[in-house]
Amino acid sequence: MGDLRFSETVSGKIADRVLVVSIDNPPVNATSLSVRAGLGAALDHAAALDAVRGIVITGAGKTFVGGADIKEFDKPPEAPFLPDVYLRIEQFSKPAVAAVNGAALGGGCELALACHGRVAAPAASFGLPEVKLGIVPGAGGTQRLPRLVGIAAAAEMIGTGRALKAGEALGIGLIDRITGEGLVAEACVLVASMADGELRRSGALAVKPVSDAEIDAVGAKILARARGQAAPAEALRLVKAAMTLPFNDGLAEERRTFLRLRESQEAAALRYVFFAERAVGKVEGLEKTTPRNTRCVGVVGTGLMGSGIAVSALNAGFQVIGVEQSEEGATKGYGRIAGILDKAVQSGRLDPAGRDERLGRLTVASDLSALRDADLVIEAVFDDFDIKAGLFRRLDEVVRADAILATNTSYLDPDTIAAATRHPERVVGLHFFSPANIMRLVEVVNCARTETEVLATALAFAKRLGKLPIVCGVTEGFVGNRVFSAYRREAEFMVEEGALPHEVDQAMEAFGFPMGLFAVCDMAGLEIAWARRKRQASTRDPNARYVEIADRLCEAGRFGQKSGRGWYAYPEARRTVDPDVTALVVAERRRKGIKPRSFTGNEIVTRVLTAMAAEGRALLSEGIATRASDIDLVMINGYGFPAHRGGPMFTAGGVDT
Ligand code: 3H9
């Protein structure tokens with residue numbers, strides 16, 4: 001910005017007797033060493049000049065400060081340390097005001113908290129997402145935030161890592177004002193208004209008392225989401241400590257905890273996930289390809305999957321044309337899509353005007369000719385080859401020459417579907433996960449003949465939906481279902497060898513999966529996989545080990561939750577161990593002459609992880625997946641693998657952290 005330079009990344013300018021300090025450390029103004037040093041030098045400068053009555057701190061570009069530099073976490077901390085710099089700001093004799101221009105996250109939010117006042121632009125947001133990195137805030141956040149907004153609001157923010165928009169931050173007292181224009185000027189006005197009074201130092205404020213019931217309720221919510229992760233419970237403990245410990249002792253305890261957790265396996269795993277997510281968009285071979293412009297999206301089939309995809313596209317601002325086979329089907333499809341949006345309104349995630357605006361961009365027709373202007377058409381019809389191939393052939397006749405055709409198939413071979421069209425180069429796979437409007441994961445399938453520009457456009461489209469797109473090659477079940485099949489196979493082997501289904505599930509749930517494998521299978525229904533097994537029976541390698549227990553369950557009419565019985569029984573919708581299943585398992589073992597043995601939880605987890613990692617390595621060697629971290633992201637975002645464990649490839653030590 002300015003005339004004064006305090007470090008490579010921090011500059012300043014004096015305006016109206018206020019030193020306006022700007023942090024310019026792209027891409028997100030992280031508080032790297034030069035930022036910390038620069039802030040210290042700026043304070044020295046402001047302290048030395050009588051003509052300066054206070055300071056304003058702001059960020060260059062669209063972010064205020066995105067937090068500590070996560071890349072520095074693998075190295076020992078280097079002075080000046082962030083908590084010390086912030087303590088200096090808080091104790092500064094002249095007013096310090098944060099002019100928050102964009103995201104203030106982690107150390108960025110803590111910087112704002114250490115100032116004596118906070119003015120925000122409407123685009124600003126505030127969050128302490130450290131628990132998502134397996135750590136706790138380490139620069140005063142757990143001690144200053146409760147003093148400003150109260151214990152319950154602070155615990156909720158820090159324990160979940162949820163970011164607040166400017167309006168919500170104002171509502172809870174985290175900031176003083178929001179200004180649409182002249183952010184820095186407004187912050188300077190606030191400095192001037194503080195110049196003669198007592199400064200409001202966050203660390204000196206008294207913590208407002210809170211009832212046990214209130215704190216317990218927030219605590220329960222945080223711990224329920226934690227699924228075995230350590231950081232949220234530590235965050236909660238530190239926020240509670242603000243009620244009893246003097247401020248400086250609280251800071252010291254926070255720092256100790258931060259440094260300890262920084263070294264943990266959980267933090268290493270979550271840091272790995274953080275950078276893995278940022279790497280997915282970097283696809284070799286696509287660097288120089290510009291995606292086509294996509295404005296209008298067609299969705300053929302508006303059932304569960306199609307309606308979710310349509311809602312995703314509407315949320316992202318696309319014009320959407322749904323297609324069904326009949327007028328009646330179209331009316332029902334429209335109703336399903338509107339229903340999902342209505343639910344979002346009921347839960348407060350969307351306002352009625354937002355829903356109406358989205359519906360204004362939606363039509364659902366009963367004829368494929370409605371897709372003549374679509375830029376991209378996604379089929380989400382029944383997963384049957386003849387149906388899909390027939391549909392794509394008809395689409396070939398209808399859509400524009402430059403339109404892209406995407407298949408949402410889960411198990412069929414998209415190369416064969418593409419081969420049924422006249423232009424296989426415009427066919428790509430977009431494998432969404434259900435419910436498609438909620439699940440972040442999309443496998444973007446690069447088929448044998450997909451053109452580079454088509455792949456780039458599909459990837460850009462998925463990113464615009466706010467999804468996590470993972471590019472992969474063609475294989476049965478793609479990356480996720482192949483690794484999941486390896487998990488299922490290994491789990492069934494162990495059941496045959498002596499573990500019971502609920503023992504396998506308990507071990508995997510204790511590891512951090514929200515649901516064990518057999519419970520998941522029951523939820524999804526057992527009949528589709530059974531039908532697939534029957535189809536594959538004639539081509540199955542007769543020497544490969546095959547466990548027949550799932551077939552026996554299906555033969556007994558046990559299709560999972562919806563039939564009230566599967567791997568478990570479900571009296572009153574409660575998952576219950578069923579002695580009939582145990583008897584069936586025992587009978588199968590006997591039939592095969594297997595002498596059962598017992599399994600420890602640890603052994604179960606190790607065998608599952610080893611099997612998943614082996615399948616992952618096979619996917620890499622076949623060139624289906626390009627990065628081990630992509631496989632981990634698929635399993636985390638599509639199959640409930642606990643993020644704080646890093647993924648099957650990470651746990652197997654197959655990747656560098
Ligand atoms: C912390 O603050 C601890 C303190 O309490 C205590 C300290 C003592 N560091 O996400 P994007 C990179 S912990 C290093 O695509 P966007 C990222 O890798 C921190 N690098 O941008 C990517 O690099 P590349 C708590 C970072 O515009 C590039 O920036 N803070 C950091 O969609 C663009 O990233 C957080 O957890 C970082 N802190 O979103 C916030 N952040 O281009 C983490 C980003 O080479 N960050 N990078 O792939 C975010 O949530 C988003 O990046 C943000 C911008 C919302 C800021």
Side-chain angles (χ1 to χ4, degrees), residues 9 23-36 39 59-87 89 100-114 123-145 154 157-158 160-165 231 234-235 238-239 251-252 254-264 266-268 270-283 287 440 463-464 466-469 627 629 633 643:
T9 51
I23 302 174
D24 190 0
N25 185 23
V28 298
N29 297 335
T31 60
S32 323
L33 181 61
S34 80
V35 170
R36 304 196 295 272
L39 286 174
K62 72 179 173 67
T63 307
F64 173 63
V65 170
D69 187 341
I70 302 170
K71 292 194 187 83
E72 286 182 358
F73 284 3
D74 291 323
K75 305 173 201 146
E78 226 179 314
F81 304 123
L82 205 56
D84 300 339
V85 176
Y86 290 178
L87 202 56
I89 294 174
V100 183
N101 51 301
L105 299 175
C109 184
E110 291 173 300
L111 170 57
L113 296 173
S125 58
F126 297 82
L128 289 162
E130 282 85 347
V131 292
K132 296 185 183 168
L133 292 166
I135 52 174
V136 290
T142 66
Q143 303 305 297
R144 289 194 180 95
L145 189 63
M157 243 180 106
I158 301 175
T160 63
R162 184 174 77 89
L164 311 187
K165 293 199 171 122
E234 295 279 13
L238 290 166
V239 171
L251 284 186
E254 177 195 80
R255 182 75 181 162
R256 272 194 296 277
T257 311
F258 167 79
L259 290 174
R260 172 167 53 80
L261 292 181
R262 214 182 74 133
E263 304 301 320
S264 67
E266 170 178 316
L270 287 166
R271 274 204 294 282
Y272 158 82
V273 170
F274 179 86
F275 289 113
E277 286 196 2
R278 271 131 194 107
V280 292
K282 296 170 189 144
V283 178
E287 305 86 353
R440 273 179 84 208
K463 270 195 225 158
R464 256 189 73 192
K467 302 289 181 197
L468 185 69
R627 271 179 294 242
S629 60
L633 290 180

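Counting starts at 1 for both ligands and their atoms, in listed order. In what follows, residues are counted from 1 in the order of the sequence shown.
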Where the side chain of [X] meets the backbone of [Y], is there a donor-acceptor pair that is under 3.5 Å apart?
X: Arg36; Y: Pro80; value: yes
X: Arg627; Y: Ala279; value: yes
X: Glu254; Y: Gly141; value: yes
X: Asn29; Y: Thr63; value: yes

Quiz item: Does a donor on one side chain and an acceptor on the other come within less than 3.5 Å for Ser32 and Asn25?
Solution: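 A donor-acceptor contact under 3.5 Å links the two side chains.
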Self-check item: Residues in the immediate environment of ligand 1 (any heavy atom closer than 4.0 angstrom)
Solution: Pro27, Val28, Lys62, Gly66, Gly67, Ala68, Asp69, Ile70, Lys71, Phe73, Leu82, Leu105, Gly106, Gly107, Glu110, Pro129, Glu130, Leu133, Pro137, Gly138, Ala139, Arg255, Phe258, Phe274, Phe275, Arg278, Lys282
Self-check item: Non-neighbouring partners of Arg464 that pass side chain to side chain contact (heavy atoms under 4.5 Å, CB included), sequence neighbours left out
Solution: Phe318
